[in-house]
Participant: 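Take this structure first; my questions come after.
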Amino acid sequence: MKIDFKDRNGFTVVDTGSQVSVPAKGRQTLRVAVAGAGGLDDIDHCEVHPIATADW
């Protein structure tokens, strides 16, 4: 899973990624730490990349 945290102008402030196992047609919650990444006050929203890759 890849997530971009963006400022109010749409510029990426922090980007992060993690590997998460999700069953077919399932859901998974992932907590990400961004406090140590700097620019925390600048984050307005996040965008999750819509395409996941399979880990065979």
Side-chain angles (χ1 to χ4, degrees):
M1 173 181 288
K2 187 157 173 52
I3 304 169
D4 294 335
F5 293 90
K6 302 197 174 224
D7 66 11
R8 62 186 170 117
N9 296 316
F11 293 105
T12 300
V13 177
V14 179
D15 62 354
T16 186
S18 293
Q19 185 172 339
V20 180
S21 294
V22 181
K25 298 183 182 181
R27 293 180 177 196
Q28 185 64 275
T29 299
L30 174 68
R31 290 180 183 229
V32 293
V34 295
L40 185 61
D41 292 336
D42 296 329
I43 295 175
D44 180 68
H45 64 282
C46 66
E47 294 178 2
V48 178
H49 289 233
I51 298 174
T53 57
D55 185 20
W56 300 97

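Heavy-atom basis, side chains included; hydrogens, waters and symmetry copies ignored.
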Participant: How long is the straight-line distance from CZ of F5 back to CD of E47, given to the nearest 0.5 Å?
Facilitator: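 Going from CD on E47 over to CZ on F5, the span is 11.0 Å.
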Participant: Among residues at least two apart in sequence or on other chains, which ones pass salt bridge (charged side-chain N to carboxylate O under 4.0 Å, His left out) with D15?
Facilitator: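 Per chain and number, D15 pairs via salt bridge (charged side-chain N to carboxylate O under 4.0 Å, His left out) with K2.
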Participant: Identify the heavy atoms of I3 and H49 that sit nearest to each other, and give their distance.
Facilitator: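 It is N-CD2, 4.4 Å.
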Participant: Could you list the residues that satisfy side-chain contact (heavy atoms from CB on, under 4.5 Å) with D7, not counting sequence neighbours?
Facilitator: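 D7 satisfies side-chain contact (heavy atoms from CB on, under 4.5 Å) with N9, F11, V13 once adjacent residues are dropped.
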Participant: If you measure from OG1 on T12 to CG on D42, what distance do you get to the nearest 0.5 Å?
Facilitator: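 If I round to the nearest 0.5 Å, the distance is 12.5 Å.
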